[in-house]
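So the structure is just underneath, and the comments pick up after that.
The residues of the chain are indexed from 1 along the displayed sequence. When reading the values below, keep in mind they use all heavy atoms of this one structure, side chains included, and skip hydrogens, waters and symmetry mates. Because the structure is predicted, anything quoted here is derived from the model rather than measured.
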Amino acid sequence: MTFISTKSCSDLVAEAESVISYISVDDAQKFLETGNAEFIDVRVYRELEKTGVIPGAHSCPRGLLEFWLDQESPYAREVFTLDKMFIFYCDNGWRSALSTQLAQDMGLQNAHCLKGGLDRWTTAQGRVTPYHW
């Protein structure tokens, strides 16, 4: 069987970027200080251990997001029932753009993507803490 790509990963990210909203690093840092947002890190554990996380962030690997968002799933996570703003992030913003779109498609209210991801966060001197299981 031959694989014929009809959409590239760049196409999917561009589609997501056209329908989601972004939070700038400056605004995200303010939300972190006030506690008015939940940060959702969609990277895999190996990345979390290597670079750390935004303080207080919830780890939700992108491959599990659907199951953790769906409150009827046996894998549901309570964090997604909170009446808060949700800021999804990854390294550069591509996976978090896809995750934000998915969260919105599944009905999560007030879901946003951190513009530029953790790369831009750390460049702007944003705080990062070691990740602990």
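Between R95 and E47 there is a salt bridge, since at least one side-chain N of the basic residue sits less than 4.0 Å from a carboxylate O of the acidic one.
Here the side chains of F86 and F39 are not in contact, with every heavy-atom distance at 4.5 Å or above. Counting heavy atoms from C-beta on, the side chains of V53 and R43 come closer than 4.5 Å. Side-chain contact between F88 and L65 is present, with heavy atoms from C-beta onward closer than 4.5 Å. Looking at M85 and N36, their side chains never come closer than 4.5 Å, going by heavy atoms from C-beta outward.
For V128 against G52, the heavy-atom pair with the smallest separation is CG1-C, 3.5 Å. Nearest heavy atoms, S96 versus C113: OG-SG, 3.3 Å. Listed here is the closest heavy atom pair of C90 and V42: CB-CG2, 3.9 Å. Residues A28 and L114 share a closest heavy-atom pair of CB-CD1, 3.6 Å. For Y89 against I54, the heavy-atom pair with the smallest separation is OH-N, 3.0 Å. Scanning all heavy atoms of the two residues, the minimum distance from V19 to Q101 falls at CG2-NE2, 3.7 Å.
The closest donor-acceptor contact from the side chain of W94 to the backbone of S10 lies at 3.5 Å or more, if one exists at all. Side chain of S24 to main chain of D27: a donor-acceptor pair is present (N/O by atom type, distance under 3.5 Å, no hydrogens or angles). Judged by distance alone, with hydrogens and angles left aside, the side-chain atoms of D105 form no donor-acceptor pair with the main-chain N or O of L102 at under 3.5 Å.
Shown here are the side chain to side chain donor-acceptor pair (under 3.5 Å) partners of D119, two or more places apart in sequence or in another chain: there are none. Remark: K7 pairs with E15 by the side chain to side chain donor-acceptor pair (under 3.5 Å) rule, at least two apart or across chains.
Sorted by first and then second residue, the side chain to side chain donor-acceptor pair (under 3.5 Å) pairs with a member in residues 56-83 read E38-H58; sequence neighbours excluded.
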Q: Under the side chain to side chain contact (heavy atoms under 4.5 Å, CB included) rule, what do E17 and Y22 come out as? Steps first, then yes or no, please.
A: CA-CA 9 Å; E17 290 175 335; Y22 283 95; 2.9 Å; yes
Q: Would you sort out whether N110 and K84 count as a side chain to side chain contact (heavy atoms under 4.5 Å, CB included), showing the intermediate values?
A: CA-CA 7 Å; N110 213 2; K84 290 230 181 158; over 6 Å; no
**Q.** Stepwise side chain to side chain contact (heavy atoms under 4.5 Å, CB included) check, I40 with F80
**A.** CA-CA 10 Å; I40 310 296; F80 294 114; 3.9 Å; yes
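Rounding to the nearest 0.5 Å gives a distance of 8.5 Å between CG of D11 and OG1 of T6. Annotation: the span from R120 atom CZ to L118 atom CG amounts to 12.0 Å, rounded to 0.5 Å. In this structure, CG on D41 lies 12.5 Å from CD1 on I87, to the nearest 0.5 angstrom.
Crowding of Y45 atom OH: a count of heavy atoms from other residues, nucleotides or ligands under 6.0 Å exceeding 12.
Taken together through direct or relayed side-chain contacts under 4.5 Å among Ile, Leu, Val, Met, Phe, Trp and Tyr, Y131 and V44 form parts of separate hydrophobic clusters.
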